[in-house]
Amino acid sequence: MTTVSGILVIGSGAMGRQIGMAAAVAGFTTTVRDVDPDAVTAAETDMRRWLEGRVVKGRLTAAQAADAGERIRFTTELEGPAAGADLVIEAATERLDVKRAIFAELDRLTPPHAVLATNSSTLGSSTVADATGRPDRVCNLHFFNPALVMRAVEIVRNEHTSDETVATVTEVARAMGKTPVLLTREIPGFVANRLMAAVREEALALYADGIASFEDIDAAARDALGHPMGPFELMDLVGLDVSYLIRRAAFEQSGDPKDLPHPLLTAKYEAGEFGRKTGKGWYGYA
Ligand code: 3HC
């Protein structure tokens with residue numbers, strides 16, 4: 001098993017930055033890399049604010065927060081951080097051509113022992129593994145939003161992933177305080193998103209049929225079932241664009257019309273109402 005000390009996260013969006021922060025707090029030397037300098041600055045500002053908040057709340061001592069801050073770097077640079085990485089977690093845009101180019105480049109720039117993982121929720125790692133010369137050291141390592149808080153991480157093997165790679169990423173997930181959920185093979189939606197989709201599709205059908213308001217359906221999920229958020233609130237958190245694209249990808253893989261996005265979800269997507277990130281989804285956000 002590869003012992004991991006250096007982690008490189010590709011992409012500093014909502015997921016990448018929080019995965020990087022969780023890694024730094026867990027003691028890994030971490031770099032979060034993005035091609036967009038503005039995204040790098042925004043992620044770094046977010047991290048400083050979060051670390052200060054942790055100290056104010058008494059969740060971290062000032063020394064722990066300072067150490068975590070020292071261990072993490074946000075940058076547009078790739079070559080240096082890649083050369084020092086034992087594990088790369090790719091959290092870039094959900095486009096196959098982009099991911100394949102990233103994996104080919106990482107294969108060139110990282111040491112041969114490094115594990116290359118993708119945080120993708122829609123693309124199994126087999127779709128990028130053959131862009132590298134090390135398909136046995138490629139897998140999905142799928143975090144949940146908000147990644148600093150949600151405890152599960154799905155580890156999905158592709159047909160080439162070695163036991164050693166699974167052991168390495170399992171150890172890293174545990175060191176980050178996460179619960180590893182191991183999938184023996186790739187299936188669309190993995191496990192957690194399939195569970196979430198079952199609830200979401202039922203909620204959309206109830207709302208479309210005029211059985212209850214979406215607010216009341218959320219209240220039922222929260223107060224009858226004990227979910228931390230209702231399905232409509234959760235769509236707003238995850239992003240209606242992400243929920244829509246996951247569904248489209250599932251349909252494209254299965255060809256089964258029952259996997260198509262619900263028409264209400266498609267309408268939100270086409271209206272550009274993506275949830276919290278655009279200020280409007282099912283709910284409004286000032
Ligand atoms: N970023 C970082 N930390 C956050 C956060 C955020 N966006 N939101 C909340 N937190 C932290 C708070 O700081 C707090 O930490 P503390 O107790 O150590 O101080 C803790 O989370 C609880 O926060 P709050 O008391 O403010 O809020 P809630 O108790 O309402 O929890 C929540 C917020 C954790 C988001 C909770 O509502 C929840 O668990 N919701 C469900 C989220 C979910 O299901 N995520 C999975 C989505 S599916 C996915 O991501 C897969 C992808 O492929 C689509």
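All ligand and atom numbering here is 1-based and tracks the order in the structure. In what follows, every heavy atom counts, from backbone to side chain, and hydrogens, waters and symmetry copies are set aside.
Using a 4.5 Å cut-off between side-chain heavy atoms of Ile, Leu, Val, Met, Phe, Trp and Tyr, F251 falls into a hydrophobic cluster with L260.
Cluster membership for V199 and M235, using ILVMFWY side-chain heavy atoms within less than 4.5 angstrom, is not shared.
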Validation: residues 136-150 side-chain donor-acceptor distances under 3.5 Å, sequence neighbours left out:
residue: R137; atom: NE; partner: P112; partner atom: O; Å: 2.9
residue: R137; atom: NH2; partner: P112; partner atom: O; Å: 2.8
residue: N140; atom: OD1; partner: S125; partner atom: N; Å: 2.7
residue: N140; atom: ND2; partner: S120; partner atom: O; Å: 3.2
residue: N140; atom: ND2; partner: L123; partner atom: O; Å: 3.0
residue: H142; atom: ND1; partner: E154; partner atom: OE1; Å: 2.9

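Taking the side chain as every heavy atom from C-beta outward, L87 and V172 approach each other to under 4.5 Å.
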At less than 3.5 Å, what protein N or O atoms come close to the N or O atoms of ligand 1? Include the distances to 0.1 Å.
residue: ligand 1; atom: 1 (N); partner: Q18; partner atom: NE2; Å: 2.8
residue: ligand 1; atom: 13 (O); partner: R54; partner atom: NH2; Å: 3.3
residue: ligand 1; atom: 17 (O); partner: R59; partner atom: NH2; Å: 3.1
residue: ligand 1; atom: 18 (O); partner: R54; partner atom: NH1; Å: 2.9
residue: ligand 1; atom: 18 (O); partner: R54; partner atom: NH2; Å: 3.4
residue: ligand 1; atom: 18 (O); partner: R59; partner atom: NE; Å: 2.7
residue: ligand 1; atom: 19 (O); partner: R54; partner atom: NH2; Å: 2.9
residue: ligand 1; atom: 19 (O); partner: K57; partner atom: NZ; Å: 2.6
residue: ligand 1; atom: 45 (N); partner: N145; partner atom: O; Å: 2.8
residue: ligand 1; atom: 50 (O); partner: N145; partner atom: N; Å: 2.8
residue: ligand 1; atom: 53 (O); partner: S121; partner atom: OG; Å: 3.3
residue: ligand 1; atom: 53 (O); partner: H142; partner atom: NE2; Å: 2.8
residue: ligand 1; atom: 53 (O); partner: N193; partner atom: ND2; Å: 3.1

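The backbone N or O of A82 lies less than 3.5 Å from no partner atom in the side chain of T110, so there is not a single donor-acceptor pair.
Annotation: ring pair (Phe, Tyr, Trp, His ring centres under 6.0 Å) contacts of F232 (sequence neighbours excluded): Y207, F214, W282.
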